[in-house]
2 protein chains.
Amino acid sequence: MARRKKYKFPKTTIERLSYYFRALEDLSKRGIDTVSSEALGGKLNIKSSQIRKDLSYFGDFGKRGMGYDVKYLLKELKYILGLDREWAVVIVGAGHIGAAMANYDSFEKRGFNIAAIFDNDEKKIGKEINGTPILPYDNIDDFVKQNKIEMAIIAVPAAAAQAVADKLVESGVTAILNFAPVAVQLDENVRCLSVDLTTKLEALAYYMSYSQDKLWKIYS
Amino acid sequence: MARRKKYKFPKTTIERLSYYFRALEDLSKRGIDTVSSEALGGKLNIKSSQIRKDLSYFGDFGKRGMGYDVKYLLKELKYILGLDREWAVVIVGAGHIGAAMANYDSFEKRGFNIAAIFDNDEKKIGKEINGTPILPYDNIDDFVKQNKIEMAIIAVPAAAAQAVADKLVESGVTAILNFAPVAVQLDENVRCLSVDLTTKLEALAYYMSYSQDKLWKIYS
DNA sequence: TCACCCATGTGAAAATTTTAACATACGCCG
DNA sequence: CGGCGTATGTTAAAATTTTCACATGGGTGA
Ligand SMILES: NC(=O)c1ccc[n+]([C@@H]2O[C@H](COP(=O)([O-])OP(=O)(O)OC[C@H]3O[C@@H](n4cnc5c(N)ncnc54)[C@H](O)[C@@H]3O)[C@@H](O)[C@H]2O)c1
Ligand SMILES: NC(=O)c1ccc[n+]([C@@H]2O[C@H](COP(=O)([O-])OP(=O)(O)OC[C@H]3O[C@@H](n4cnc5c(N)ncnc54)[C@H](O)[C@@H]3O)[C@@H](O)[C@H]2O)c1
């Protein structure tokens, strides 16, 4: 189990660690070896004190007076975030969102291996998206078990989402990224995050209507 | 300017109002006239006290002992969220994400009218997606001005996102939904929300690695 | 009409998260 | 080798957000 200094920290910290990771990758690519919390924060619109605090939950990664070694911090964050290994993922729903996710090669680069896409539409089964096969939804159970799939992306219509989630969990999946606009009810040992695009647009509509409310982080 | 009792409330309240709205639509469709905060919360995994507090920032919508009238609350939330009008939206980037968004008809139903999609790929220009034309990116300026576009969805590669955002804002757009994995720097009177799918997956990876951390709301 | 039930709206407390401030440590330069 | 500039890690304070607890008022039925 990875290093951790404190046992409690904000939930938002994890999300930010992911942003730090990506920004550091960018710096690394551009040949920058060292970065201060101030400089990193400037890139991300996050206060430097926030960055230092976030990192301090997990260890002492910087050098006083110097800042952080980019490569070293990348390695540590990779470890903390659980990106130092491969994750076997399936997508359920070979529609627009499912296809977008399957086509996004950066996921593979990060270690998320999309093993298969499942759909119940006869016309889609047998085809493939970006090299990943579309398999019959009825076989998902066996596939998940045999391939020790741990993560799933749900990209089916809202009406089907709960049933799909139940089946996935039953088969052994313990983490779900859900695109369906519905609150899926799950056992508490299953991690589930929802991406709700309608809500994002509606929040924008609200803030357009009330222009006196000045707020917003880059992350939501 | 719509009703509001209090001038300060959590940013997360707006996101939840959107969830309430959707859940109420569902109830309404199923012929349910009245709902208690307890029942609504059960549907959404949100505490009833949270719901009552959220609503109380905007008005007194319920009847003691009775709960909330579904249709009436829907009407009020629609008004509060700014969904009682039409919003003219453009999508920039006719790739996978852009296409998914353009194909999602629920946005139109909510009043988000996707007026056009812009791309700089000659092969895509002139085609259409779900009835919406793909236009040359070079014309975006004029189009946004002429059609009084207020909202934009950025679905271009990260490297292009900042330039696209700048151009949009210059042309008059004041709200942006950004899918590019980069923190776009904007004037503070522009509302910008980012959807970061990689971060969601990475957060899941973290929580898989540290299974002792039990947390998660349905929303993130 | 009155008593009782029920679920709201709210004020206060608790919990969480962010921000500020600074003592501490590192490296550089003279 | 010691003083100086700098940016960390941390402690304490401030700000925000959630949860609790209950007084309040509407509806119902006797
Ligand atoms: N496209 C968007 O921009 C967008 C925006 C917001 C929310 N969403 C949500 O994301 C989800 C996916 O959206 P989409 O646009 O990709 O939908 P889509 O209709 O393009 O694709 C859905 C796919 O799921 C398959 N499917 C349906 N029921 C299934 C089942 N029981 N088992 C297996 N496969 C099944 C269908 O055959 C289809 O291929 C939906 O819940 C939608 O509400 C999408
Ligand atoms: N597809 C996914 O699942 C996914 C996941 C996470 C993040 N994203 C991000 O979302 C964004 C879009 O992803 P995508 O998969 O749709 O990409 P894509 O490559 O499918 O589409 C990008 C489109 O933008 C167009 N484009 C490029 N530069 C442009 C410019 N300067 N002006 C106008 N158009 C331009 C391209 O021609 C292309 O049609 C990217 O930033 C990507 O990193 C996508």
Side-chain angles (χ1 to χ4, degrees), chain A residues 3-17 19-20 24 27 32-70 72-73 76-77 213-220, chain B residues 3-17 19-20 24 27 32-70 72-73 76-77 213-220:
Chain A
R3 143 191 19 242
R4 189 156 48 162
K5 283 163 59 183
K6 299 269 171 59
Y7 282 100
K8 263 178 85 84
F9 50 83
K11 301 180 214 7
T12 42
T13 288
I14 295 302
E15 206 171 335
R16 284 191 298 265
L17 291 185
Y19 296 128
Y20 305 156
L24 289 164
L27 292 173
I32 295 165
D33 289 334
T34 293
V35 70
S36 68
S37 58
E38 195 65 33
L40 188 59
K43 230 171 119 74
L44 293 167
N45 295 335
I46 292 175
K47 289 215 159 65
S48 61
S49 55
Q50 179 78 82
I51 295 180
R52 294 198 300 280
K53 168 126 324 224
D54 283 339
L55 295 176
S56 77
Y57 294 123
F58 297 90
D60 295 356
F61 304 121
K63 286 204 193 105
R64 291 174 193 233
M66 295 282 99
Y68 300 89
D69 181 89
V70 171
Y72 171 65
L73 187 51
E76 291 293 322
L77 285 178
D213 290 2
K214 296 251 166 87
L215 20 99
W216 288 131
K217 309 265 165 161
I218 55 151
Y219 51 93
S220 49
Chain B
R3 144 190 18 241
R4 190 156 46 164
K5 283 163 59 181
K6 299 269 170 59
Y7 283 102
K8 262 178 87 81
F9 51 84
K11 303 180 214 5
T12 41
T13 289
I14 295 302
E15 207 171 335
R16 283 190 298 264
L17 291 185
Y19 295 129
Y20 305 157
L24 288 164
L27 291 173
I32 294 166
D33 289 334
T34 294
V35 70
S36 67
S37 59
E38 195 63 35
L40 189 58
K43 231 172 119 74
L44 293 167
N45 296 336
I46 292 175
K47 287 215 161 62
S48 61
S49 56
Q50 179 78 83
I51 294 179
R52 292 198 301 278
K53 170 114 347 210
D54 283 339
L55 295 175
S56 78
Y57 295 124
F58 296 89
D60 295 355
F61 303 122
K63 286 204 193 106
R64 292 175 192 233
M66 294 281 97
Y68 300 88
D69 182 90
V70 171
Y72 171 65
L73 187 50
E76 292 292 321
L77 284 178
D213 290 3
K214 294 252 166 87
L215 21 96
W216 288 130
K217 308 263 166 163
I218 54 151
Y219 51 92
S220 49

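A, B, ... follow the sequence lines: proteins, then strands. Residue 1 opens every chain.
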| Roughly how many Å is it from NZ in A:K53 to P in C:dT17, rounded to a whole number? | 12 Å
Hey, what are the protein-to-nucleotides 15-17 of chain D N/O distances that come in under 3.5 Å?
unit_1: D:dT16; atom_1: OP1; unit_2: B:K8; atom_2: NZ; d: 3.4
unit_1: D:dT16; atom_1: OP2; unit_2: B:K8; atom_2: NZ; d: 3.2
unit_1: D:dT17; atom_1: OP1; unit_2: B:K11; atom_2: NZ; d: 3.4

| task | List the protein contact pattern of nucleotides 23-30 of chain C with one symbol per nucleotide (5' to 3'): B for base contact, S for sugar-phosphate-only contact, - for none; contact means a heavy-atom distance under 4.0 Å. | result | BBBBS---
| Partner residues of B:D33 under the side chain to side chain contact (heavy atoms under 4.5 Å, CB included) criterion, sequence neighbours left out | B:K71
| field | Between D:dT10 (P) and A:K47 (NZ): distance, integer Å | value | 21 Å
| task | Could you tell me which residues satisfy salt bridge (charged side-chain N to carboxylate O under 4.0 Å, His left out) with B:D54, sequence neighbours excluded, listed by chain and number? | result | B:R16
| query | For B:S49, what residues pass the side chain to side chain donor-acceptor pair (under 3.5 Å) criterion, not counting sequence neighbours? | reply | none
| field | Residues within residues 33-41 of chain B bordering DNA chain C, heavy-atom distance below 4.0 Å | value | B:S36, B:S37
| field | A:D60 CG - D:dT10 C1' separation (whole Å) | value | 10 Å
| said: So, using side chain to side chain donor-acceptor pair (under 3.5 Å) as the criterion, who are the partners of A:K43 when residues are at least two apart? | reply: A:D26
I'd like a table of donor-acceptor pairs (distance under 3.5 Å, sequence neighbours excluded) in which one partner is a side-chain atom from residues 34-41 of chain A, with atom names and distances.
unit_1: A:S36; atom_1: OG; unit_2: A:E38; atom_2: N; d: 3.4
unit_1: A:S36; atom_1: OG; unit_2: A:A39; atom_2: N; d: 3.0
unit_1: A:S37; atom_1: OG; unit_2: A:R52; atom_2: NH1; d: 3.1
unit_1: A:E38; atom_1: OE1; unit_2: A:S48; atom_2: OG; d: 3.0

| Does B:K63 have any side chain to side chain contact (heavy atoms under 4.5 Å, CB included) partners at least two apart in sequence or in another chain, and if so, which? | B:M66
